[in-house]
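Beneath this line is the structure, given in structure tokens, with notes to follow.
Start at 1 with the first residue, then count along the sequence. Bear in mind the structure is a predicted one, so any value in this text is a computation, not a measurement.
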Amino acid sequence: MSLWIPIAIAAASFQTVRFMLQKVLSSVTLSSAGATFARFVYSAPLIWAGLLGYLALSGRAFPDLSATFWVFATIGGTAQILATVCVVALFRQRNFAVGITFKKTEVIQTAIVGLIVLGDGISALGWGAIVIGLCAVLVLSKTPESTGPWWRHLTNRASLLGLGSGVLFAFSAVSYRGASLQLAELEAAFRAGVTLAVVVSLQTLFMLVWLSLREKGEIARVWAARRVAVWVGMTSLLGSFCWFWAFTLQNAAYVKALGQIELLLSLLASVLFFKEVITRREILGMGLLILSILVLLLAI
């Protein structure tokens with residue numbers, strides 16, 4: 001079995017736990033931006049501690065980073081910040097499992113962005129998967145209490161947040177792969193660690209400036225919520241490292257496609273942990289999206 005497969009499964013598992021913790025934080029203590037900031041600020045020290053420890057033990061030096069690396073890292077980091085804010089805000093509109101399902105349109109969109117940015121081709125079967133995925137989005141876009149024609153539901157807040165997060169996560173995934181490929185002379189795990197440390201540092205800085213200017217007092221609330229937020233940072237560290245490691249080993253679309261196991265994990269979390277009820281329409285929509293991912297996996 002290829003190494004990237006268990007790594008991607010581990011990344012999806014850690015990410016599910018992180019989103020559960022962020023849902024708790026956003027619903028009781030922090031704003032969407034604050035819950036997002038908690039992810040970065042509590043993971044950055046851990047990432048750098050691990051990387052510096054490795055450099056000290058191995059006697060290696062921190063690699064030189066090209067301008068192209070910084071461009072990819074900045075684009076990916078910024079897109080991920082915005083995408084995470086969208087997802088945390090989405091949790092206040094729909095339940096946990098459906099929120100994750102909307103986010104998972106990123107798999108289809110990653111294939112499209114990969115084609116445009118990195119030249120990754122899409123077969124006829126791949127385009128078929130995209131059509132199935134769009135059908136799933138149409139099904140999920142209608143909230144239980146909404147009325148009227150189906151096309152109007154694509155403009156509701158939940159749909160826009162979900163689709164927006166998918167686009168942004170697609171750009172972040174492709175950008176992270178692009179950044180790691182600039183360090184091709186290094187082994188995969190080291191490339192992942194360097195890229196992750198740089199990206200999270202940028203994200204922490206960006207969010208620190210934003211919250212200082214736009215959400216007075218939110219940084220103090222992030223600190224006050226540290227008993228839960230520190231676990232957001234820990235799961236973010238483990239999940240992000242696994243994602244970055246997988247991206248260095250395999251095409252981002254393959255990695256994200258396998259990461260759909262997160263859908264099943266989020267459904268279990270929604271029912272067992274948050275005690276939420278999943279409707280038949282939502283189950284149908286999630287089933288269609290899973291089918292589209294399976295077809296996409298066959299295509300790529």
Side-chain angles (χ1 to χ4, degrees), residues 7-27 29-53 73 76-91 96 99-100 103-104 106 165 168-169 171-173 175-177 179-180 189 192-208 210-211 218-219 221-248 252 255-256 259 261-262 265-266 269 273:
I7 293 173
I9 293 174
S13 301
F14 285 125
Q15 184 164 286
T16 300
V17 176
R18 172 170 59 79
F19 277 130
M20 289 172 62
L21 292 170
Q22 285 182 301
K23 177 179 172 70
V24 173
L25 285 176
S26 66
S27 62
T29 54
L30 304 179
S31 68
S32 297
T36 302
F37 177 59
R39 169 190 177 180
F40 303 128
V41 72
Y42 286 108
S43 63
L46 300 175
I47 293 167
W48 277 106
L51 180 59
L52 293 175
T78 303
Q80 188 178 30
I81 288 173
L82 297 174
T84 305
V85 171
C86 286
V87 171
V88 174
L90 177 60
F91 289 153
F96 185 71
I100 290 294
K103 172 192 167 296
K104 281 303 175 183
E106 71 180 293
S165 70
L168 291 165
F169 273 122
F171 272 99
S172 70
S175 296
Y176 291 155
R177 176 166 170 77
S180 68
V194 170
T195 305
L196 180 60
V198 171
V199 167
V200 173
S201 297
L202 290 173
Q203 290 171 321
T204 302
L205 178 61
F206 294 161
M207 291 297 297
L208 187 62
W210 173 265
L211 292 176
E218 190 64 17
I219 294 175
R221 286 188 286 273
V222 170
W223 172 249
R226 60 189 178 278
R227 292 182 182 275
V228 175
V230 70
W231 294 107
V232 172
M234 177 62 75
T235 54
S236 176
L237 165 63
L238 296 172
S240 295
F241 180 76
C242 289
W243 283 127
F244 278 54
W245 191 359
F247 290 150
T248 65
V255 175
K256 287 295 186 180
I261 192 174
E262 183 186 350
L265 297 175
S266 65
F273 185 80

Between S43 and V200, the two heavy atoms sitting closest are OG-CG1, 3.7 Å
Check side chain to side chain contact (heavy atoms under 4.5 Å, CB included) between V41 and all other residues, then give those that pass, not counting sequence neighbours. F37, T204, V222
CD1 on I7 to OG1 on T248, rounded to 0.5 Å: 7.5 Å
Would you say T78 and F171 make side-chain contact, with heavy atoms under 4.5 Å? no
Got a second to check how far L211's CG is from E218's CD, nearest 0.5 Å? 6.5 Å
For W48, the side chain to side chain donor-acceptor pair (under 3.5 Å) test, sequence neighbours excluded, returns S201
With sequence neighbours left out, the residues meeting ring-ring contact (aromatic ring centres under 6.0 Å, His included) with F169 are none
What distance separates M207 CE from I219 CD1, expressed to the nearest 0.5 Å? 9.0 Å
Please output the side-chain donor-acceptor pairs of residues 230-237 that fall under 3.5 Å, not counting sequence neighbours, one pair per line with the distance.
| residue | atom | partner | partner atom | Å |
| --- | --- | --- | --- | --- |
| T235 | OG1 | W231 | O | 2.9 |
| T235 | OG1 | V232 | O | 3.2 |
| S236 | OG | R39 | NE | 2.9 |

First locate atom SG of C242, then atom CD1 of I9, and finally report the distance between them rounded to the nearest 0.5 Å. 11.0 Å
Between atom OG1 of T195 and atom CD1 of I47, what is the distance when rounded to the nearest 0.5 Å? 11.5 Å
Taking side chain to side chain contact (heavy atoms under 4.5 Å, CB included) as the definition, give me every residue that meets it alongside A189, ordered by chain and number, with sequence neighbours left out. F241, W245
Distance in Å, F40 CZ paired with L208 CG, rounded so as to fall on 0.5 Å steps: 13.0 Å
With sequence neighbours left out, what residues match F244 under ring-ring contact (aromatic ring centres under 6.0 Å, His included)? Y176
I need the minimum non-hydrogen distance between S165 and C86, along with the two atoms involved. CB-CB, 3.8 Å
